Amino acid sequence: MPKVLSDDEIRCFRNRMCDHALASFAKHGVDGISLRGLAADLSCSRTTPYRYFKNKADILAALRQREFGRIADALEAALLHELNPSKQLETLCSAYFQFAIENPDSYRVMYTVAQPDPSQYGELEAEILRSSEPMRRIVNNGLAAGSMLGDPINICYVLWAGLHGLISLHLAHLLGNKREIDELAAVMIRSLVRAVSAESSELVATDRINKPY
């Protein structure tokens, strides 16, 4: 008869399985993840993982849920330490970028995996939503205060697209070595903050051409 596990024991073992699933993903992509492979990694019976996850889609959902939760925690923590509304957007963008650079495999599994039947994983969808809430809140606050102008959904997409594009190019090793990634990120974040600001930041064309970042 299988041992009755406590909630803490279940959470701990599921988390260990997610750790090994992320390591397998880093080496071999989604194809490298299997419940049988996780059993071997954890030195347990082949049937043990099935006590925690029904199939591969379940372990992927649990892994992605955890990683979206981690980035949500990082973004929320960054805003707790920056109380100046005029600096919160830049702080949030920097925290998002930093998480991706420090956790590249987490970032890839969050944004490059097509989750089968995503509607079946309400907890995953909740964490995805929570990870985007800080950005939505800052944008809505900025619009209410008059420091931003435009449609809030468009603004959020533009900010995310700029950050995600730079991160994706970096993780794919397509940027070369002419600039350090931190330097490019600083330029990108300043440009994004300016782009959504209500204050005019337009430069005369000749100034824009001749002025370095």
Side-chain angles (χ1 to χ4, degrees), residues 22-23 25-27 29-30 64 66-114 127-128 130-143 147-213:
L22 184 60
F25 174 82
K27 292 179 180 178
V30 172
R64 296 181 68 233
R66 187 184 75 169
E67 302 312 307
F68 273 109
R70 290 181 63 218
I71 196 172
D73 290 343
L75 298 178
E76 291 167 358
L79 292 185
L80 284 176
H81 291 89
E82 181 53 77
L83 301 180
N84 186 339
S86 67
K87 296 181 179 180
Q88 285 187 329
L89 180 57
E90 184 173 350
T91 295
L92 187 74
C93 290
S94 296
Y96 182 96
F97 173 82
Q98 199 63 37
F99 179 91
I101 297 305
E102 292 177 357
N103 304 276
D105 298 321
S106 298
Y107 194 82
R108 289 188 182 98
V109 84
M110 289 157 60
Y111 291 112
T112 66
V113 172
E127 288 302 294
I128 293 173
R130 185 167 75 92
S131 72
S132 64
E133 196 280 331
M135 180 71 76
R136 293 196 306 273
R137 184 168 73 247
I138 289 177
V139 169
N140 285 324
N141 289 345
L143 291 169
S147 60
M148 296 183 193
L149 294 175
D151 177 84
I153 296 176
N154 288 346
I155 292 173
C156 288
Y157 271 124
V158 165
L159 292 168
W160 180 66
L163 292 170
H164 181 70
L166 180 61
I167 291 166
S168 298
L169 289 171
H170 172 69
L171 295 183
H173 307 291
L174 295 176
L175 292 175
N177 57 5
K178 293 183 178 180
R179 290 289 188 276
E180 294 292 332
I181 186 59
D182 288 343
E183 179 183 356
L184 290 174
V187 173
M188 173 65 79
I189 291 169
R190 287 198 302 269
S191 299
L192 291 170
V193 171
R194 273 201 310 270
V196 301
S197 173
E199 298 178 4
S200 175
S201 60
E202 291 293 331
L203 295 173
V204 178
T206 54
D207 291 340
R208 186 165 60 244
I209 292 171
N210 296 323
K211 186 175 180 179
Y213 284 111

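Heads up: numbering here begins at 1 and tracks the sequence. Being a predicted model, the structure only gives us computed values, none of them experimental.
With hydrogens and angles ignored, the 3.5 Å screen pairs a side-chain donor or acceptor of Gln88 with a backbone N or O of Glu82. Between the Ser94 side chain and the Glu90 main chain, a donor and an acceptor come within less than 3.5 Å of each other.
Closest approach of Ala78 to Thr91, counting heavy atoms only: O-CG2, 3.8 Å. Shortest non-hydrogen contact noted between Leu75 and Ser131 is CD1-O, 3.4 Å. Nearest heavy atoms, Leu143 versus Pro152: CD1-CB, 3.6 Å. Glu127 approaches Gly69 most closely through the heavy-atom pair OE1-CA, 2.8 Å. Shortest non-hydrogen contact noted between Phe25 and Arg108 is CE2-CB, 3.8 Å. Here the shortest heavy-atom pairing between Leu166 and Leu175 reads CD1-CD1, 3.9 Å.
Ring geometry for Tyr96 versus Tyr107: interplanar angle over 60°, hence perpendicular rather than tilted (30 to 60°). Between Phe68 and Tyr111, the ring planes are perpendicular. Angles over 60° get that label, and only those under 30° would be called parallel. Between Trp160 and His164, the angle of the ring planes stays under 30°, which puts this pair in the parallel group of the 30/60° scheme.
Here Arg70 pairs with Glu67 in a salt bridge; the nearest charged N to carboxylate O distance falls below 4.0 Å. One finds a salt bridge joining Asp73 and Arg130 here, because a Lys/Arg side-chain nitrogen approaches an Asp/Glu carboxylate oxygen to under 4.0 Å.
When the shell of 6.0 Å around CD1 of Ile153 is examined, it contains 12 or fewer heavy atoms from other residues, nucleotides or ligands. With a 6.0 Å radius and a threshold of 12 heavy atoms from other residues, nucleotides or ligands, Arg137 has its CZ atom above the threshold. Taking a 6.0 Å sphere around CG of Asn177, one finds it holds 12 or fewer heavy atoms contributed by other residues, nucleotides or ligands.
Put simply, OG1 on Thr112 and CG on Asp105 are 10.0 Å apart, with the number rounded to the nearest 0.5 Å. In this structure, the separation between CD1 on Ile181 and CD1 on Ile167 is 8.0 Å, given to the nearest 0.5 Å. The OG atom of Ser191 sits 7.0 Å away from atom CE of Met188, with the distance rounded to the nearest 0.5 Å. Summarising the geometry, atom SG belonging to Cys156 is positioned 7.0 Å from atom CG belonging to Asn140; distances are rounded to the nearest 0.5 Å. Atoms CD1 and CG, from Ile71 and Asn103 in turn, are 8.5 Å apart once rounded to the nearest 0.5 Å.
You'll find the side chain of Leu159 reaches within 4.5 Å of the side chain of Val139, heavy atoms only. Residues Val187 and Arg179 fail the side-chain proximity criterion, which asks for heavy atoms closer than 4.5 Å.
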Query - Phe99 vs Met110, side chain to side chain contact (heavy atoms under 4.5 Å, CB included): CA-CA, chis, key distance, verdict - result: CA-CA 12 Å; Phe99 179 91; Met110 289 157 60; 4.1 Å; yes
Query raised in the report: Does the pair Met148 and Leu89 meet the rule for a side chain to side chain contact (heavy atoms under 4.5 Å, CB included), with working shown?
Result: CA-CA 11 Å; Met148 296 183 193; Leu89 180 57; 3.7 Å; yes
